[in-house]
Each structure stands twice: as C-alpha cells, then as structure tokens.
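Worksheet: one structure, shown below.
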Amino acid sequence: ACVAEIKAADLVTPGSVQLSINPTNPPQQYVDSDGTLKGLNVELANEIAPRICTPVTLVRMDFPGMIPAVKAGRIDGMNTGMFWNEERSKILFMVPYGVQSLSVVVASDKNVVVKSAADLAGSAVGVETNSYQEKWLTTYSEKLVAEGAKPITIRAFKTATDVTGALLAGQVDSALLIDSVAHTLVEKGRVRESVTGLGENRMSMAFRNKAVAEAVVKALASMQEDGTYKKLFDKFGLRGLPAGQVVAIVGPGPQ
Amino acid sequence: MKTVTPSAGRAGEWAVRMEAVYKRFGDFTALREVDLTVKKGETVVICGPSGSGKSTLIRCVNGTEKHDDGLIYVNGIEMTKANVDKVRRETGMVFQNFNLFPHMTILENCVLAPMSTLKMPRKEAEALAMALLQKVRVEDQARKFPSQLSGGQQQRVAIARALAMNPKVMLFDEPTSALDPEMVKEVLETMKSLAQEGMTMMCVTHEMGFAREVSDRVIFMNEGQIMEIEKPEAFFGNPKSERAKLFLSQIIH
Amino acid sequence: MKTVTPSAGRAGEWAVRMEAVYKRFGDFTALREVDLTVKKGETVVICGPSGSGKSTLIRCVNGTEKHDDGLIYVNGIEMTKANVDKVRRETGMVFQNFNLFPHMTILENCVLAPMSTLKMPRKEAEALAMALLQKVRVEDQARKFPSQLSGGQQQRVAIARALAMNPKVMLFDEPTSALDPEMVKEVLETMKSLAQEGMTMMCVTHEMGFAREVSDRVIFMNEGQIMEIEKPEAFFGNPKSERAKLFLSQIIH
Amino acid sequence: MHYFNVDAFIGYLSNWFLIGGVGVTVALTVAGVIGGLVLGMGIALLKVADARPLNWIAGFYIWLFRGTPLLVQLVVIYTGLPQLGIKLGAVESALLGLVLHEAAYLAEIIRSGFLSVPVGQREAAWALSLGRGTAFWRVILPQAFRLMIPPLGNSINGLLKATSLASVISVEELMRRSEMLMQEQFLTLEVYAAAAVYYLVLTTLWDLIQRPLEKHFGRSIKKGGR
Amino acid sequence: MHYFNVDAFIGYLSNWFLIGGVGVTVALTVAGVIGGLVLGMGIALLKVADARPLNWIAGFYIWLFRGTPLLVQLVVIYTGLPQLGIKLGAVESALLGLVLHEAAYLAEIIRSGFLSVPVGQREAAWALSLGRGTAFWRVILPQAFRLMIPPLGNSINGLLKATSLASVISVEELMRRSEMLMQEQFLTLEVYAAAAVYYLVLTTLWDLIQRPLEKHFGRSIKKGGR
Ligand SMILES: Nc1ncnc2c1ncn2[C@@H]1O[C@H](COP(=O)(O)OP(=O)(O)OP(=O)(O)O)[C@@H](O)[C@H]1O
Ligand SMILES: Nc1ncnc2c1ncn2[C@@H]1O[C@H](COP(=O)(O)OP(=O)(O)OP(=O)(O)O)[C@@H](O)[C@H]1O
Ligand SMILES: [Mg+2]
Ligand SMILES: [Mg+2]
C-alpha cells in the first residue's frame, strides 16, 4: 500500500498538498473552453500525487496573490511554471524541473525583420508584466545601451494574450514570449518566430516546507527513472532538464 | 433662579406650567425668565415678532428643545430627562409645514403612532383614525398621499394625526401661515371646534381674528421674554408696551 | 378665435394687451379666452382661488409660458417666437419665493443681468444697482448673501434686481405670501411707491388692503377665465359673481 | 486580415464556463451590496451620531477603506489576517473585502440620503412619540432611500466590475474566466466582447430593478416643479 | 517566519520608482476627471435636453460606457481601434478610455446636480433676460456644483484606483510599479502597504481640496435647519 512520507504537520491542510497555479500560460497550464485545467504542470501534478501518496490540489489564482499566500501558510507551494532565481530561492524551496527559453515573434502579416536579439534595439517590444522575460529584456536593453545601441522600448501587458493582441494591432513591433507559448501561437498561424533560444532558464516549483519539497523531488526523480518525465515533456513539446541531471532543491530555501 | 414647587391643591387645574425657564443657543438666549401657567381647557395664543422665541417656547413644552434652566410641568409631570417620554405623550404638536410623512397615505400617517407606540391593533387604530379624519372633514382623502391634498387638507390631517395619540395639550406652531388664504379658514374652524370641545391649546399664530374670537389669553413675546399676557380684548384694544403697539400696527394692514 | 389688431391710435396707451388668449397643459385649459388691456402707468391686481390661472396669466405676459392661442402685446410688441426676447426686455418679474441667486451677493445679483445682457460696464452697473438698492432701502446689505437677509429684505432686493433692467412693465406673482407678517408691510410700501412713480404693474396678490389702496383695477379669475374686472371700490363693495362673493368671504376672516 | 471572429464571439456568448463566472460575479456583487448596505448604514449612523468619538471612528473607517485599493485589502485579508489567527477561505475573504470596501462608499451615499430628509420629519416623529427604531425604519429610511437610488446605481455598476479583483485570491468570476479562456485561442477581442455583453446584461437587469424602485419610492412625490 | 518586514516597508515608502508611479496615477486621474467632467457635462446636457433623440443618445452612451468594464474599453481602444486605422499610443489610449468611462459616471452625477437646482432659479434667469450661456455658467452650474462635490469625491477615489487598469495596455502607474517591485524581493505585503499609504495620501489630498470647495460653494447657504 501507499504510505505518505509527508507528515500532516508539514502541510497547510492535512491530507492534501495545495499548489497554486495561474492557468493563463499554454501549454504549461491553461483551461479549455469548459474551464478544465490542462497542460504540462497539471499532468505533472497528477503524476506526482500517487507517488507521494498524497492528493495534490491545484488552487487557481492570479500571480500577485501567490507568494503572500505561500508565506501566510494558505497554500503549500506554487506549480505555475515560475522561473528560478536567486531571490526566490531564498524565500522558498525551489525545485527546477524543466528548461525554457524565450522567443521573439512578429506578426505574420508584417514585414518586420528581426534576425538577432540585437535587432530589437530602438524598437517596441511587448512582454508579459512582472515576468522573467520582462526582467531579461530590461537587462538586455541596458546591455545594448552600454554597447552604444538604442534602448528597447519595453511595453508590458497583463497576459501573453494581451501581448499578442498588441502585436497584432501593430502597437508593438515584436513580442518576447516564452518559447512554448510562441510555438503555440505559431501553430495557430498568428505570428512568425524570428529569434529563439534567448535567456534560457529553469522552470521551478516552489514550496514553503522542506519535507514537502523533498517528497516532490523524490517523485520527480522516480518519473525521470521510469520515463514518464520525458513522455510528458514530449507530449507538450517542452524541454525537460538535460539528460543525466537529477531533480533537486536548488538554493538555500527560507532560513 | 426660582424653584417654586406647585402646591398640590392647584396643580390639578394646570395643564402647562413654566417657571423661570431659560433656553440658550450658544451665547444667544432665546428664552429668558419665562413664567407661564396654562389652565386645563384654556386656549392661549402666542404672538410676537419673528425671532422673539415663540417657536422655542412651544418646543420646550414637549421637549423638542431641552430647556436650560427653570421648571416645566405638563399635567403635573415635571419635564426632566427621565420624564421626557411621558411628557411627550401628554402633548400633540402641529407644525407650520404640516410635516406629514410623504411616503405614507393619510390613513397610514394617522395609524403609525397609535400602532407602534400604543400597540393598538390595526383595526382599532384605523377606526380611530377614520373617526378623527371625519371630525376634521377629510375622511374621503384617507387613501391618498399627502402630496395629493391641498395645504388646508394636509394641515387638518396633521391635526387628526396628533389627536390620534389622545394628547391632553395641543401645541400649534403657525399652523396656517404656509396656507393659501382660502384654506386658512377651514383649518381655523377645525381649531376652533377643538377649543370648544375643551382641549387645552397653545397656539403660535398671527391670525388675529382667531386670537380675538377663540383664545382665552394672548401672550406677546419679544426678545425671548413674555412682555404681556392679556385677555384678547385688552391686548388688541389697549396693548401696554410700545413694542406690542408697533407689532400690531405692522401686522394689521 | 378673434384676431383684432390694435388700432394704431390707442395702441400707444397700452402697456399690455391680451386678446382671446388660451393656454393649455395637456388636456387641461389653464387660460380660457382671456381679454385684458393694461394701460401705461396702471396698476392692476389679479386675485382668485388657487389654481384659477393667475400665475399662468402673468407668466404668459413675459413668455415664461408660451400661450397656445390668441394675441399678446407688450408695449406694442407682439409676443411671437421671434419676439420673445424683445418682450422679455420690456418686463420685470418678481416671484413669491424671491428666487435670488443664493451663491451671489446682493450686489452681484443686481449687476449680473445689466452687465451680461446689456453689456453695461461694471462701474456703471454697480452705481445703478446701489441706487436701486437705496430706493428699496436695503443698500447697507449689498455685500451680504441672500440667506443673510430677512424675507422682506430679500423680496425688496428681488424688486431692485428686476428694476435694474429698466423694465416698462413689472409683474408680481404673490410677492408677499411667503413673508412673515411683519415683513409684508415693507414690501407693499415699496410696491406702492413704484406704482406712484408711474410704473405699469400687474400684481397677483391676496393683500386686499394693497388692492384697495393702490390698484386701479382688480381682476378676479376663476377656472382660467376672467370673471370680473372692476375698480377696487366696486369689487370689494359689491362683487358681481357668486364665486367672487364666496372668495372674498373666505379670505377676509 | 480577418480580425474579429464573429463565430467565436457567439460561441463565447454561450460558453458555460463564462456563464458560471457571471454567476460568481452576480453572487459577489449582490452579497457585497447587501453586506455593504448593512455595514454602511451602521457607519453612516455613527458618522451622524451626536458623539464626537463615534464620528471620528466612522470618518476614519471611510478614509481608510475608501482610500486604499480593494486589491490590497483583499490580499491583506487573505494572507495577513491568518497571522492574527483569523483564517478565512478565499470566498469568505473576497466577500469580507468587498463588504468592507463597499460599505465605505455606501456609508457616504447613505449619509447624504439621511441629510436630505427635512428635519421637520424627525421632529414630527418625535412629537408623535414614535420610538427611535420606528422613526428610523418607517419615517427616515424610506425617504432617504429614494434619493439614494441613483448613486447606488453608480456604485453597483462599479462593484460589478470591481469583483474581478477577487481573482488575486483565487476567486474566479467573469473577468478572470474571460482572461483564462483567451489563452486557449488568443481571441482577445472576441472574449472581451462576450464579457462586455454579459456585463451589459447585468447592468440592464439592474436598470430594470432601479426604475421600479425609483417609481415606488417616488410614487408619493409630486411631479415637476420643485 | 518573519512576516512583515518594517524596514523594507519604510524603504518602499521612499522609493523613487514608486513615487514616479504616484505621479502617473495622479496625472491619469486628474486628466480623467477633467476630461470626464467636460464630456460628462455635455452628455448630461443632452440627457436633460428638450429633444427625445438627444436624450436617447446620452442614455445609450451612459448605458454602454458605465455598463462595460474599463479594462475592456482600454483593450478595445488600444488593440481594436487600429483595425479601423486609428492607432493611439498606450498613454493616449489610457487617457481616452478613462475619460470616456469616467464621463458616463460623471454625467449621472452632474445630471442629478442640475435637477437639484430649483426651477425658480431658471425662471429668474429667464425673467432677467439672461442669455442661455450666462444662465448656465453663472446661475445653474455654481449651484449644481455644490451638490455634486460629495459624489464627485466618491468618483475620484474610485478613479484613483481604476487607473491601475491602464497597466493592461502597458501604462506604468503606482499599482503596476508596486507589482514590479514585488518581483525583486517578493515582499508583497510590504510593497502593497507602501502603495496603500501613497493612495491614502492622495485621498487625503483630495479631502483637503474637497473641504474648502464644499465650504466655498456652500458659503452662502444657511447652516442647520432645513
Ligand atoms: N437651533 C438653533 N440654533 C441657534 N439659534 C436658534 C436655534 N433655533 C432658534 N434659534 C434662534 O432663537 C431665536 C428664537 O427663535 P424662534 O424660532 O423661537 O423664533 P420665533 O419667535 O418662532 O420666530 P418666527 O416667527 O420667525 O418663527 C431666533 O433668534 C433664532 O435665530
Ligand atoms: N406646468 C404645468 N403643467 C400642468 N398643469 C399646470 C402647470 N402649471 C400650472 N398648471 C395648472 O394650471 C392651473 C392654473 O395654475 P396657476 O399656477 O396659474 O394657478 P394660480 O391661480 O396661480 O394658483 P395659486 O394661487 O395656487 O398660485 C392649475 O390647475 C395648475 O395645476
Ligand atoms: Mg417660529
Ligand atoms: Mg400662482
């Protein structure tokens, strides 16, 4: 029989691991037209649950509420495809489990030419607000300026959809999107991909309790071993950790 | 400040007694050393220039304004903080602007207080209200709203509404001065018949015809003080103070 | 409908002429076949029961209400859609509730129209206003706001404000009925002196003393019609219609 | 380029996930208004009470809850209160936040409604020996309510849209669900247009309530003139 | 776990990036109110005009712009209008959206202000041969304005927070900048608390304007009584 390793005291609500998810980011997490959760992170959670012998509940919420909710002990962690970074890893136990990079896309009916990231100098680029890509673009623009190029005009929108809307309306010249989102859009014929593979970074889950994080790490590792891990990433056209790299908590976690 | 306690023997005859009453608004003294006794069944008319304290006096009698000094008795009950509800029950008040409740029908206006305060059953309250509306001759308007009545009709409803609480003393504050001239008469007739039935009434009014015909005494006020208390013949025929002479010359064109 | 054109010879004497004037509100006929001539310098008093059309009549003269049928001339100018501004300039109006502009001082109230409509320079307008305020004896209130004045003072300001436009005909709609009794007299005095200076005046009022003393003719209206036009002695001494008799008996208590 | 996809728009108009969101929006709004009216009434009464300290308390409440964003209030209730041992679920937190916020606005509306009832009405109630409660519920409130209806309409229209902020604490109403649905097909304008239609239907429903309310409470008031 | 970091909170209170956001919020609000007042005045005038078709147009405008979310209006202006060849920048779109939206609410406030001026005032202006313009600007409006101030206060407080929706089309005001700062240290509550303080300061500033305005426009009105 299945014996749960996670003790009741380690959970916010005994009996279930509650992870927040912001389903506005296909194919990682989104809803279909019935409102049912779909995407890689959803299926990962479904796989993890039996392996830790504890049900996983996905709590759908908007991003700004998530970190306070974890800190306040309203939920056990976040499973919303958040990028790893230093600061976050000091506040939460971060578990990187996949790799994403960024792509520049342009409207398919416009003749905008972007051959490399440096071509973005002096143009208007749309990104999602408060996102890794926004931060990356800001830093990159500063770098361009330091090299004597024109700065990038960064326009940040609430969701990837809003970014796309602005792109299609001609309000920005190009958009910087997570590559999986970019691929989805390209498939739908709305945009052309111009540059890809920028700013590679690791998607992570995040937890408030170390025991929970460790249990999830173990579950992910066993998925890596039995091939479920690769199968899921392939299904959604996303990239897992490089072969041979085992899932682990990265960073010090909260003190 | 005098504090005369009414002697038990005569108190039974007094409906309203004021002893050295003062009322101040901030620095301003609206009533100054007012002494007044109204006997049961008596009708007194209060007149005087604007701002002389007529409304303030009458409002002190039912506690709408709290007097600052002196003593007020209504039917032997002293007006104190603890007694104010009791005293209110002894009095009924009719205002210049009628102050009917505009969102209720005439009948609802008249049954509200008996039902909610006296806990009278609706049927009984409605029968009483209809009887009183008949008495003031507006019974056929019972289902209408105040705004559908003429001013004179509204004021008569206000009188009926006050009577429904069976007050011992009726207070009137310029009950006819907001009325069209033609409507004044019907309200004065109603008040006259009330007086004739023995109701104790205190009436602020400039209707000198009414004062002459109906009142037992006329009180003339000026600057917060009672200047004259006279039988109407004496007051109109031969006012004592210069101020009263001037006043009478101005209001009788 | 009659369409009598005034004969040139006599038209010069007429300040206001109404010929077979009708006014309807929906189905209701507020004025019915009204014929009336007011001579220059004449003072007429209009009285009658509430709802008889007195206000409507006077409001038709300056175009506040548009009459439906018949002809109205003011100082020889026919009241038509095109002429309504011209006619308005010939008339001044004083209302029951004064209708002073509450957010302006007395002086501002009086200079607004001369300055904005007649393009009078401020200095001149102020001098004129002060002269008129002096005439109605409220010049010392010029810097105050209307709410700081007594009702009688406010009504006199309203008269001065209307006079500032130098009207040929003054219209009054119950100018004293919202006033405290003591204040009625001062307003009537002001109106009286205007009449004596030769101003043409049409006056809705129930002040029978004023009608008797000042007016040249009394007009009695009932249900939208003019029932009687008489010299005051004749009207008060011996009203012809039953309705007028009833009316007089009711307003003179 | 074919920009607005009419078929997709019509599809969204009959999408049950969105319609469920409409239900949440309506429920939050109705609860917010009713709770806000009750609490706002209390605060308005404190604000006009005869005791200075009570006035100050009410003034402070209005200043604080009207002056800070609903979003912040929601986050604090959902994640700050548990630090004090008060742990409310997402829906309860959303309701509490909406009620506290709305009450501050409604208190001002109610107060100006009270002030518009002539003092003569209070004096008449007093002179008739009506109890305080009867005077308030039967005499003052029905008259004040008549004048409160139009600003209440403004406020309800605002609240209908403000409920969308509850998505930050995981309550999914109409707007949030619209934004989620967009990700599937990236049909921004079509989804927003459908959401706008739903909101318009709700607004129109309110208008249909407001009109008879105005009529009912104004039935005894003379037309025209002043 | 150390939940509220007071030092960080104080740091955010003097953060120039946030203060810059306050500037944007204030600018959007002021522009929205002024533009909304001008346009709302026009719409209110149409709504009370003597011609039925004009009333309908105004009624439709209010229904549409009050009934749909500002968010949707902003997105449509920013990404929908370019399809019709009208391409406005983010700031211009935000301003246009805020003005159009606010005008619908303010029109209702202005209209009820107009209706509260006694007809006698209009008649007096007429009888004095005042021109239409003079009557409106010198007689009606100053009196209507007095009664419009409190609901205007409610509306401005709402707008102050509603400007945050402009972030959907990439305008960076106070709320958006707060959320950007959160990404650095994840001190959500501390940043929100600082933002709340800024909003409270702005609200208080408005109160400081509102009070003398009420006093000025009420200076000629008798105290107490009715
Ligand atoms: N609530 C109040 N606060 C301050 N002063 C008041 C108040 N009520 C009345 N006064 C003042 O007290 C004085 C007397 O007022 P009161 O209303 O009794 O006069 P009145 O004789 O009834 O006059 P009127 O004939 O105008 O009704 C007036 O000068 C008035 O301004
Ligand atoms: N705008 C209006 N719409 C409909 N009916 C009106 C209007 N104005 C006046 N009336 C009606 O026309 C009739 C005459 O009104 P008017 O105001 O001229 O009477 P009045 O003689 O001045 O009465 P009062 O003495 O009460 O002032 C009344 O029955 C009144 O109800
Ligand atoms: Mg009085
Ligand atoms: Mg009249």
Side-chain angles (χ1 to χ4, degrees), chain A residues 12-13 18 20-39 57-75 107-110 157-170 177 181 184-191, chain D residues 1-5 8 11-12 14-21 24 69 71-72 74-90 93-94 97 164-192 194:
Chain A
V12 166
T13 311
Q18 297 187 70
S20 66
I21 190 166
N22 187 21
T24 56
N25 217 355
Q28 293 189 56
Q29 67 261 342
Y30 61 101
V31 297
D32 65 10
S33 49
D34 301 330
T36 315
L37 277 176
K38 291 273 165 70
T57 310
L58 294 177
V59 181
R60 299 145 68 144
M61 64 164 75
D62 209 354
F63 190 77
M66 288 186 183
I67 288 174
V70 177
K71 281 204 212 169
R74 307 251 20 166
I75 50 177
S108 44
D109 58 344
K110 298 238 168 64
F157 299 90
K158 194 150 181 251
T159 63
T161 314
D162 294 323
V163 178
T164 314
L167 179 67
L168 295 178
L177 300 170
V181 175
T184 312
L185 278 170
V186 170
E187 268 169 35
K188 295 192 188 297
R190 312 294 294 269
V191 299
Chain D
M1 182 174 137
H2 170 86
Y3 194 73
F4 192 88
N5 184 333
Y12 287 124
S14 51
N15 181 301
W16 282 103
F17 183 56
L18 274 191
I19 293 173
V24 177
L71 179 70
V72 173
L74 289 174
V75 171
V76 168
I77 289 170
Y78 186 66
T79 70
L81 284 191
Q83 314 302 310
L84 309 175
I86 307 163
K87 196 159 165 183
L88 298 173
S93 300
S164 73
L165 292 172
S167 67
V168 75
I169 57 170
S170 86
V171 176
E172 286 175 9
E173 42 60 74
L174 175 55
M175 204 64 202
R176 165 74 169 161
R177 290 195 170 183
S178 308
E179 286 178 353
M180 282 161 67
L181 270 191
M182 270 169 218
Q183 314 305 319
E184 223 204 8
Q185 306 272 336
F186 294 95
L187 295 168
T188 318
L189 283 186
E190 289 78 356
V191 180
Y192 273 147

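Naming convention: chains lettered A, B, ... in sequence-line order (proteins, then strands); numbering from 1 in each chain.
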**Report entry** Test side chain to side chain donor-acceptor pair (under 3.5 Å) applied to Ser108(A) - qualifying residues, sequence neighbours left out
**Finding:** none
Query raised in the report: What part of Val31(A) is in contact with chain D, defined as an atom under 4.5 angstrom from a non-hydrogen atom: side chain, backbone, both or neither?
Result: both
Report summary line: Of the listed Leu18(D), Ile169(D), Val168(D), Leu71(D), the one with the largest count of heavy-atom pairs under 4.5 Å with chain A is Val168(D)
Query raised in the report: Between Val171(D), Leu81(D), Leu88(D), Leu74(D), which shows the greatest number of heavy-atom pairs under 4.5 Å with chain A?
Result: Leu88(D)
Query - Minimum-distance pair of heavy atoms, taken over all atoms of Arg60(A) and Met180(D) - result: NH2-CE, 3.2 Å
Query raised in the report: How long is the span from the CD1 atom in Ile67(A) to the OG1 atom in Thr79(D), to the nearest 0.5 Å?
Result: 11.5 Å
Query raised in the report: Under the 3.5 angstrom rule, does the side chain of Arg177(D) hit a backbone N or O of Gly35(A) as a donor-acceptor pair?
Result: no
Query raised in the report: In Å, rounded to the nearest 0.5 Å, how long is the span from CG of Leu58(A) to OG of Ser170(D)?
Result: 12.0 Å
Query - Leu181(D) versus Ser33(A), closest heavy-atom pair with distance - result: CD2-CA, 3.6 Å
Query raised in the report: So, for Pro82(D) and Ala72(A), which heavy atoms are closest and what is the spacing to 0.1 Å?
Result: CB-O, 4.1 Å
Query - Per-residue contact mode, Thr24(A) against chain D (heavy atom under 4.5 angstrom) - result: both
Query - Exercise: identify the closest heavy-atom pair between Met182(D) and Thr161(A) - result: CB-CG2, 3.6 Å
Query - Portion of Lys158(A) that has a non-hydrogen atom of chain D nearer than 4.5 angstrom - result: side chain
**Report entry** Thr188(D)/Asp162(A) under side-chain contact (heavy atoms from CB on, under 4.5 Å): CA gap, chis, key distance, verdict
**Finding:** CA-CA 7 Å; Thr188(D) 318; Asp162(A) 294 323; 4.1 Å; yes
Query - Flag side-chain contact, heavy atom, 4.5 Å: Met61(A) against Ser167(D) - result: no
Query - side chain to side chain contact (heavy atoms under 4.5 Å, CB included) against Asp34(A), all qualifying residues, sequence neighbours excluded - result: Asp32(A), Thr36(A)
Query raised in the report: Can you name the closest pair of heavy atoms from Lys87(D) and Val12(A) and give their distance?
Result: NZ-CG1, 3.7 Å
